[in-house]
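This report refers to the structure that appears directly beneath it.
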Amino acid sequence: MKNFEIPGHLEVKNGHLHIGGMDTVELAREYGTPLYITSEDRLRDNFGRFKKAFPDAHIYFAAKSNNNIVVQRILAREGAGADAFSDGEIYLARLAGIPPEKILFTGNSKTDAELEYAVNSGVMVSVDSHDELISLSGIASRLGKEVKIAFRVNPDVSADAHPKLATGLKTSKFGIPSQEIVSTYKKAKELPGVNPVGIHCHIGSQILEISPFAEAMSKMMDLVEAISGFIDLEFVDIGGGLGIPYQKDVRAPTPQDWADAVLPIFRERCAKLGINPELHIEPGRYITADTTILLAHVNTVKKAYKNFVGTDVGFNLLIRPAMYDSYHEVVVANKADGTAADTYTVVGPICETGDILAKDRKLPEIKKDDIIALLDAGAYGFCMSSQYVGRPRCAEVLVHEGKADLIRKRETYDDLLQNQIIPGRLL
Ligand SMILES: Cc1ncc(COP(=O)(O)O)c(C=O)c1O
Ligand SMILES: N[C@@H](CCCC[NH3+])C(=O)O
């Protein structure tokens with residue numbers, strides 16, 4: 001078995017990479033490339049891992065990690081709530097079938113219009129600043145409503161994440177410092193239109209160590225203790241952030257490891273305080289990342305100072321390698337059982353030196369018209385795409401029980417013009 005194979009999900013059969021039992025080379029032929037392909041079974045399985053590890057917790061899917069309505073609809077049917085970071089994400093989560101009482105609006109720097117939309121939608125709000133608290137109280141009062149709120153805490157925990165993905169450090173833009181939490185809840189209690197019932201943190205993303213989660217849980221419970229005398233706490237939300245093994249030889253924690261580290265602290269501290277709040281978690285990446293591959297067509301193989309494989313996927317469609325130097329496993333889909341023959345750097349068709357998908361990888365001999373699969377592309381993949389360099393976005397397909405459904409159409413040239421207006425004098 002190849003190290004990238006996951007039995008029942010990603011497998012090599014007849015020399016071709018298969019996902020959810022379907023031949024990726026065939027799918028490339030049928031739907032064209034570039035192409036995102038997601039396995040419904042894997043999505044349900046990944047969500048199930050959290051349900052099993054956190055049997056009493058409420059799982060709020062971090063919608064920013066994958067904005068496809070079909071993905072969110074499947075998760076909604078599995079019982080997921082949503083962490084929505086914007087009014088647009090609230091809108092999509094509602095359309096996906098997630099009830100408003102299971103949506104937490106978590107954005108920082110929210111506009112008054114977004115807050116009004118949230119209040120009218122009946123979702124809960126995680127408040128990120130004092131200014132936001134005042135605005136929200138005013139808006140909800142004016143609308144004659146009361147909104148359930150949490151405060152996003154900055155717990156000052158170093159999460160061993162890429163500097164661009166750490167969100168719980170003192171220097172991060174997110175949340176309210178721990179030392180201001182008690183006074184902030186006191187203030188919220190006095191204000192009309194807001195009902196402080198939750199406390200929230202999120203320390204970062206792609207975290208591969210378990211200890212920061214335990215540290216954050218303890219710090220959160222210190223704050224819970226400090227406010228529990230005057231706040232009837234309904235939930236403690238510890239965010240998401242569980243990493244995945246993008247590099248197949250890296251050991252990564254599982255949802256069970258996360259649960260084993262935080263549940264004893266949560267339960268023991270709640271029992272001591274005689275309170276019974278819900279525990280909320282907000283995983284994104286772990287649920288969606290490995291459900292999806294991104295197929296690329298090889299346009300050119302150039303033997304220059306290095307071997308460059310030019311594909312039709314660039315950072316317009318998968319920005320993670322260019323933005324965070326992220327690693328995505330590369331498989332030559334039509335030679336998936338091949339052995340390494342040479343070292344290749346896989347690049348995209350964008351006019352930027354940084355448009356590199358994978359550097360110096362040992363791969364089977366690659367030729368023009370081969371099909372390349374980039375693995376673990378389901379989180380922060382399509383949702384971070386753009387039309388840079390005049391490239392319409394690609395299609396997305398869902399595979400399930402030997403059948404493929406198109407779940408997002410390939411864009412056309414018309415989409416490049418969408419919403420652009422040519423003034424009459426220039427017609
Ligand atoms: C508030 C919040 N919750 C949850 C997540 C999900 O993180 P991840 O996809 O790493 O699980 C994020 C993104 O980092 C976030 O900003
Ligand atoms: N976009 C990042 C994750 C950001 C998490 C959102 N706070 C990534 O691709 O890894």
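Computed from a predicted model, the values in this text were never measured in an experiment. In each ligand, atom 1 is the first atom listed, and ligand 1 is the first ligand listed. Atoms considered below: every heavy atom in the structure, side chains included; atoms not considered: hydrogens, waters and symmetry mates.
Taking a cut-off of under 4.0 Å to the non-hydrogen atoms of A62, the atoms of ligand 1 that pass are 4 (C), 5 (C), 6 (C). With ligand atoms numbered from 1 in the order given, ligand 1 contributes 1 (C) to contacts under 4.0 Å with heavy atoms of R152. The atoms of ligand 1 that sit less than 4.0 Å from any heavy atom of G240 are 4 (C), 11 (O). Heavy-atom contacts of P283 reach the following atoms of ligand 1: 11 (O) (cutoff under 4.0 Å).
Residue-ligand proximity: Y380 is placed with a non-hydrogen atom under 4.0 Å from ligand 1. The closest approach between any non-hydrogen atom of G241 and ligand 1 is below 4.0 Å.
Counting only distance, with no hydrogens or angles, the side chain of R408 and the backbone of R393 share no donor-acceptor pair below 3.5 Å. T24 contributes a side-chain N or O that, together with a main-chain N or O of L17, makes up a donor-acceptor pair within less than 3.5 Å.
Remark: R361 qualifies as a cation-pi partner of Y327 under the 6.0 Å distance and 45° angle criteria applied to the six-membered ring. No cation-pi contact links K189 to F230, judged by a cut-off of 6.0 Å to the six-membered ring centre and 45° from its axis.
Among all protein heavy atoms, the one lying closest to atom 15 (C) of ligand 1 is K64 NZ, 3.1 Å. With respect to atom 2 (C) of ligand 1, the closest heavy atom belonging to the protein is D83 OD2, 3.3 Å. Of all protein heavy atoms, the one lying nearest to atom 10 (O) of ligand 1 is S205 OG, 2.4 Å.
At least one N or O atom of H202 sits closer than 3.5 Å to an N or O atom of ligand 1. Distances between N or O atoms of E282 and those of ligand 1 include at least one value under 3.5 Å. Any N or O atom pair closer than 3.5 Å counts here, and G239 shares no such pair with ligand 1.
Y246 has its side chain out of reach of S326: every pair of non-hydrogen atoms, C-beta onward, lies at least 4.5 Å apart.
Within the model, atoms CG of L92 and OG of S86 stand 8.0 Å from one another, a figure rounded to the nearest 0.5 Å.
Comment: D360 engages K306 in a salt bridge, judged by a side-chain N to carboxylate O separation of less than 4.0 angstrom. Comment: K148 engages E234 in a salt bridge, judged by a side-chain N to carboxylate O separation of less than 4.0 angstrom. We find that E225 and R269 are joined by a salt bridge, their nearest charged nitrogen and carboxylate oxygen being less than 4.0 Å apart. Using a 4.0 Å cut-off between charged nitrogen and carboxylate oxygen, K186 and E190 do not count as a salt-bridge pair.
Taking both residues in full, the closest heavy atoms of A377 and I293 are given as CB-C, 4.3 Å, listed atom of the first, atom of the second, then distance.
At a 4.0 Å heavy-atom cut-off, ligand 1 touches R285 through backbone and side chain alike.
Residues passing the side chain to side chain contact (heavy atoms under 4.5 Å, CB included) test with P253, sequence neighbours excluded: L208, I210, L242, D257.
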If you look at each N/O of ligand 2, which protein N/O atoms lie under 3.5 Å away, and at what distance?
residue	atom	partner	partner atom	Å
ligand 2	1 (N)	Y324	OH	2.7
ligand 2	9 (O)	R320	NE	2.6
ligand 2	10 (O)	R285	NH1	3.2
ligand 2	10 (O)	R285	NH2	2.7
ligand 2	10 (O)	R320	NE	3.2
ligand 2	10 (O)	R320	NH2	3.0

